[in-house]
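Residues: numbered from 1 along the sequence shown.
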Amino acid sequence: MMEEILIQRTLALFPNARARRLLLMLTSVLAFWVIYFSAKDHTKFIFSLRNPLYLNHWNIFRKSFFPETLLDLEASPTETELRIKGIMEKLDQLMPPRPFTNITTTTSAKQSRATILSPQDTYCRGDQLDVLLEVRDHLGRRKQYGGDFLRARMSSPALKAGASGKVTDFNNGTYLVSFTLFWAGKVSLSLLLIHPSEGVSALWRARNQGYDKVIFTGQFANGTSQVFSQCGLTPHSNAELCEYLDYRDQEAFYCVRPPHVPCEALTHMTTRNANISYLSKKEWSLFHRSNMGVEIMKNFNPIEVLRCNKSENIETKCQLGMKTPFPSGYTVERRWITVFCKQMELNERKNTNDCLKRKLIYLMGDSTLRQWIYYLQNAVKTLKVFDHHGVGVFKTHVLLDAERHTLIQWKKHSHPFVTQQLFSVKDESYIPREIDQIAGDDGTVIVITLGQHFRPFPIKIFIRRAINIQKAIERLFLRSPKTKVILKTENTREMYLNAELFSDFHGHIQNLIMRGIFEGLNVGVIDAWDMTIAYDTRNVHPPDYVIGNQINMFLNYIC
């Protein structure tokens, strides 16, 4: 009788049916734990929580009642998962497996043949010059498929002039290499075989096999001392893990939890390359420095280009949303000249200060974008460094001009970030989350660059991040359509580094992905890939004159 009265009074406190169901659920869970504690020794129970089987049972329970908080990539595919799958399928078609039995069957720069189509004694500025390339193996046999990673460039060293060439792959062992003759003078043509198609196939397979080519070491604060632990982009350990998860964007990072130290105590990170390779010894022979970047067209004589009274009449000012062709410009006397919009020269201090007045500029990405902070600090004397504290060169950098209400800030993108230098993980978020924190207005500018630190890892993590950034930009434009967003593509870098981790082939594929994902967005593009080929810098951190031209292009977009 008393039990019935107690139940009736309890239910009276919860007249709502939904509340009653919740009460019943909590009561059932409580009863389960009471019975479990009664039947099991307490210490055995605590230990069992570390057992993967019991953790799996807990995950099933948590999934039943809290489905929105689980990072479960094996659940029914979301729109993002379907997009990633579609992009991967296209990339696999672009780079099909190529059999590699002996280096003699691979593409040879020496044996390949390049022929100028419709040759002339002289050419006019603005003409197009086409070269037909037939690739052959080391035994002189014509190859029947394409996929070689080539780099075309034209130059006039006396004029400090250069431009990229466009390569079209016919997938049958022939390529069309097109050069637009942007300037008058003696012009030399260059075509490099960076990797043969067999090397491209090997790199693509090796890249997508594992996340363990880089070792992440996390630093946890433990009172006055520091504790170090292994971290990574995937959970590789059976030990208790700290999970740093972004459930909405399905991004994840993990560390082995140090004994008696909370996961929140992670403060810093450093990385080093692991002694792991997914390339065979035979495949590595394709990536010896002597076999990369080999000249194909070295026997060509310079081309004579005349002015022919042709003038350049580009009237449309550089604006956000413009499609950028390839090549997007060229350099003469180290000055970058765009071919798709009219540039203003903003080198004078007054013009630059007027342009930057009342601007909030957020630079998000890697150290190639941090170079902008260093350049502007020296070029615009009214911008003063604000000490944001922090450790090392990868801390947040801020420039201020209080009189003109100008702020320029650089923050590194979050994981993966690859460097042997210690860096903080406390002053950063994934770029989509950083964008979400910006209200935006017509004086707000966001510049994004992504790529160099993603090269050692499977391409899916890069695709996911690019899609998440695209979605964040779309959310930004909904609340503030006047905010300006600019994408700086990644640039070329050194050829002598570990090709499996850092080859420009990886950067080339990432550039293709970024352009596809960002197509149709009202953003500006600064094609650092095109620029660094034209300048022939071959350095992950291009010299100041390249950075200055990138910033000049940036100012043209925002002023």
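Remark: side-chain polar atoms of K166 are not paired, donor with acceptor, to backbone N or O of F179 under 3.5 angstrom. Distance alone, capped at 3.5 Å, is enough to place a donor-acceptor pair between the T270 side chain and the Q420 backbone. Panel note: side chain N549, backbone Y545; a donor-acceptor pair is recorded below 3.5 Å.
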### Task
List the steps, then state whether side-chain hydrogen bond (donor to acceptor under 3.5 Å, both in side chains) holds for T382 with D401.
CA-CA 6 Å; T382 58; D401 182 342; 3.0 Å; yes
### Query
Does the side-chain hydrogen bond (donor to acceptor under 3.5 Å, both in side chains) test come out yes or no for E428 and S414, once each step is laid out?
CA-CA 6 Å; E428 66 179 35; S414 191; 3.0 Å; yes
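Contact check on E79 versus K471 returns a salt bridge, with a Lys/Arg side-chain nitrogen under 4.0 Å from an Asp/Glu carboxylate oxygen. Between K357 and D354, no side-chain nitrogen of the basic residue sits less than 4.0 Å from a carboxylate oxygen of the acidic one, so the salt-bridge criterion is not met. The existence of a salt bridge linking D442 and R358 is excluded, since no basic side-chain nitrogen approaches an acidic carboxylate oxygen closer than 4.0 Å. Salt-bridge formation is not detected for the pair E500/R207: no Lys NZ or Arg NE/NH1/NH2 atom is positioned less than 4.0 Å from an Asp or Glu carboxylate oxygen. A salt bridge links E434 with K411: the closest approach of a Lys/Arg side-chain nitrogen to an acidic carboxylate oxygen falls below 4.0 angstrom. The pair K484-D441 does not count as a salt bridge, with every side-chain nitrogen at least 4.0 angstrom from each carboxylate oxygen. The residues K395 and D427 are annotated as not salt-bridged, no charged nitrogen and carboxylate oxygen being separated by less than 4.0 angstrom.
Between the CZ atom in R125 and the CG atom in N309 there is a gap of 9.5 Å [rounded to 0.5 Å]. With rounding to the nearest 0.5 angstrom, the OH atom of Y244 is 8.5 Å from the CZ atom of F253. Of the inter-residue distances, the one linking R465 atom CZ with F454 atom CZ reads 4.0 Å to the nearest 0.5 angstrom.
Aromatic ring centres of F462 and F457 lie farther apart than the 6.0 Å criterion allows. Under the 6.0 Å cut-off for aromatic ring centres, H397 and H388 do not qualify, their centroids lying 6.0 Å or more apart. Aromatic rings from H413 and Y430 are positioned such that their centres are separated by 6.0 Å or more. When ring centroids are compared, Y362 and W410 stay outside the 6.0 Å threshold.
Across E490, Q452, K488, a single residue satisfies side-chain hydrogen bond (donor to acceptor under 3.5 Å, both in side chains) together with T368, and that is K488. A side-chain contact (heavy atoms from CB on, under 4.5 Å) with N273 holds for exactly one of L501, L497, I215; it is L501.
A cation-pi geometry, defined here as NZ or CZ lying under 6.0 Å from the six-membered ring centre and within 45° of its normal, holds between R493 and F502.
Side chains of S155 and S188: no donor on one and acceptor on the other come within 3.5 Å.
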